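We number each residue from 1, following the sequence as shown. This structure is a prediction, so every number in the text was calculated from the model and none was measured.
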Amino acid sequence: MSVTLVPALPAPATVPAAVGPLDVLGVPGEINLDYAATAPCARVAADAVAELLPWYASVHRGAGALSRRCTLAYERSRQTVGDFFGARSDDHVIFTRNTTDALNLLGRALPPGTTVVTFAGEHHANLLPWPRGSVRLPVPADSGEAVRALDAALAELRRDANPGLPVLVAVTGASNVTGERWPVAELARVARRHRARIALDAAQLAPHAPVDLLELDVDYLAVSGHKLYAPFGAGVLIGRADWLDAAPPYLSGGGATSRVGAATHDVSWALGPARHEAGTPNLLGAVALAAVCAALADADRAALHRREQRLLTRLRDGLAALPHVVELRTFGPDAPRVGIVSFVVAGRDSAEVAAELARGHAIGVRDGLFCAHPLARRLLTEAAARTGRRDLPPTALRASIGLGSTTADVDRLLAALATLG
């Protein structure tokens, strides 16, 4: 049997951008500008997992010291995450795998006859889980148009449909394609006026800005740990208990029951988060996510925001100065946004550009349609019309920044793109 020797990978190292527990791990020489897909691991998350690993045991299923410590760590993590996102006292905080899993859980928990209203600018996670008959509104030109369109749609629904049937509005907090922030609080006020509930996909917003259910007045919130510097496979759904307690379990199995009788269907399901957390839970993911939430709660979020916005401005201004690069946008160039920019290089295939950036410059970006195909295709068409260019590719590139990003990272990307003209 022949053996192929593989060169050893460089040892992970801390990227010097943030301070203390919010340092992120990285690999020397590699520039990671793909935070919107999966953010690097925060030091505090890695430390929390390393500290717990010697005690690793079952959760909710043992009387020994290890199991009791792990159960306590898991439930404390639930409390920490709920507090970080402003959960109300009667909300459920349910651990899931990620945002997609959380929104699918909510989709399964909708009362019969619920109509879901979304916009066509959503990530697939907030487009695909909803039942047939859902309403998908066109991508708005700006925040004001989004609010007006939702108001009109909900008024028509209440006029034409059974007024007693529930309505759920499902929106993103920030676009995973453009980084543009959506007017969540204003959309929530419209939903309230029409007796509708609202769910927030906070996957892209939460890593960049505080998100508080009570302040925004949203009913449900979904988020991913792997985008929030805790890449251990945990997400969360937080929200109103009534729909969640009335729905059949998302998964059937151990931990979701309060009693199982001798007959096949003689089952009483638990109430609360356990109802939708069957099986052995992702303890390490929950602990890592809670550690990051606690660190962010103690951090100067305003200072982190200012730093990110300076980097984002440098990136966008640099891209605008390249004549062969076109930025994608929905709301306009001055709309508030987080550290995400999508763009195309005229005359060049986006996948080839991404490969060249990785191979020749050690820069990692994303290429494709970013699991938001309807929006990305629309923005590519709009970019061609806005610039009058006919040589734009059918897919795009995306650079995204966060806690570990530096001015040098941004400048390296801009210099590399300049060589492609």
Side-chain angles (χ1 to χ4, degrees), residues 36 99-100 102-104 106-107 110 114-158 160-161 166-206 208-209 211 216-224 227 237 239 328-332 335-338 340 342 369-383 396 398:
T99 301
T100 299
L103 291 174
N104 272 271
L106 182 57
L110 297 177
T114 299
T115 298
V116 179
V117 181
T118 62
F119 288 88
E122 298 292 329
H123 187 280
H124 291 168
N126 204 19
L127 284 179
L128 304 183
W130 310 121
R132 290 183 180 274
S134 298
V135 176
R136 187 180 299 179
L137 302 177
V139 178
D142 54 44
S143 294
E145 185 176 307
V147 174
R148 292 189 295 273
L150 180 63
D151 192 23
L154 293 179
E156 184 175 350
L157 270 175
R158 288 307 187 196
D160 296 343
V167 175
L168 176 71
V169 177
V171 298
T172 190
S175 170
N176 79 304
V177 179
T178 66
E180 292 160 324
R181 295 181 61 162
W182 280 62
V184 178
E186 293 86 346
L187 293 170
R189 282 195 288 272
V190 170
R192 289 281 169 268
R193 191 159 61 244
H194 294 281
R195 306 182 312 283
R197 293 191 180 188
I198 184 166
L200 174 63
D201 171 357
Q204 298 296 343
L205 181 59
H208 303 276
V211 177
L216 294 171
D217 196 20
V218 298
D219 299 281
Y220 300 95
L221 179 145
V223 74
S224 292
K227 298 186 190 299
L237 175 69
L328 305 186
R329 60 178 189 250
T330 303
F331 292 160
R337 64 192 70 218
V338 301
I340 299 171
S342 291
L369 297 174
F370 317 126
C371 294
H373 293 184
L375 175 63
R377 290 196 186 103
R378 178 189 183 280
L379 297 185
L380 287 163
T381 300
E382 186 277 335
R398 184 182 69 192

Spell out, as yes or no, whether a donor-acceptor pair under 3.5 Å connects the side chain of [X] to the backbone of [Y].
X: Glu180; Y: Thr330; answer: yes
X: Arg158; Y: Arg195; answer: yes
X: Thr99; Y: Ser224; answer: yes
X: Asp151; Y: Val147; answer: no

Considering all heavy atoms of both residues, which atom of [X] and which atom of [Y] are nearest to each other, and what is their separation?
X: Arg136; Y: Pro374; result: NH1-CG, 4.4 Å
X: Lys227; Y: Ala36; result: NZ-O, 2.8 Å
X: Leu328; Y: Ala396; result: CD1-CB, 3.8 Å
X: Val223; Y: Ala202; result: CG2-O, 3.9 Å
X: Thr178; Y: Arg337; result: O-NH1, 3.8 Å
X: Ala188; Y: Val218; result: CB-CG1, 4.5 Å

Decide yes or no on side chain to side chain contact (heavy atoms under 4.5 Å, CB included) for Val169 and Leu187, but give the supporting numbers first. CA-CA 9 Å; Val169 177; Leu187 293 170; 5.6 Å; no
Report the residues that fulfil salt bridge (Lys or Arg N to Asp or Glu O under 4.0 Å) with [X], sequence neighbours left out, ordered by chain and then residue number.
X: Arg197; value: Asp242
X: Asp219; value: Arg192, Arg240
X: Asp142; value: none
X: Arg398; value: Asp34

Per the ring-ring contact (aromatic ring centres under 6.0 Å, His included) rule, what does the pair list look like for residues 175-206, sequence neighbours excluded?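 Residue pairs passing ring-ring contact (aromatic ring centres under 6.0 Å, His included), neighbours aside: Phe119-Trp182, Trp182-Phe331.
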Quick one: which residue pairs count as a ring-ring contact (aromatic ring centres under 6.0 Å, His included) with a foot in residues 125-148, not counting sequence neighbours?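 Every candidate ring-ring contact (aromatic ring centres under 6.0 Å, His included) pair involving residues 125-148 fails, so no pair, neighbours aside, qualifies.
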[atom1]/[X] to [atom2]/[Y] distance, rounded to the nearest 0.5 angstrom?
X: Leu205; Y: Asn176; atom1: CG; atom2: CG; result: 12.5 Å
X: Leu137; Y: Thr118; atom1: CG; atom2: OG1; result: 7.0 Å
X: His124; Y: Cys371; atom1: NE2; atom2: SG; result: 6.0 Å
X: Leu168; Y: Leu106; atom1: CG; atom2: CG; result: 5.5 Å
X: Leu127; Y: Leu103; atom1: CG; atom2: CG; result: 10.5 Å
X: Leu380; Y: Leu369; atom1: CG; atom2: CG; result: 7.0 Å

Show your reasoning for whether side chain to side chain contact (heavy atoms under 4.5 Å, CB included) applies to Arg189 and Asp217. CA-CA 8 Å; Arg189 282 195 288 272; Asp217 196 20; 6.0 Å; no
Mind checking whether Glu122 and Leu375 have side chains closer than 4.5 Å, heavy atoms only?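 SC-SC contact between Glu122 and Leu375 ruled out.
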Got Leu110 and Pro131 here, is their nearest side-chain heavy-atom distance under 4.5 Å?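 Answer yes - side chains close enough.
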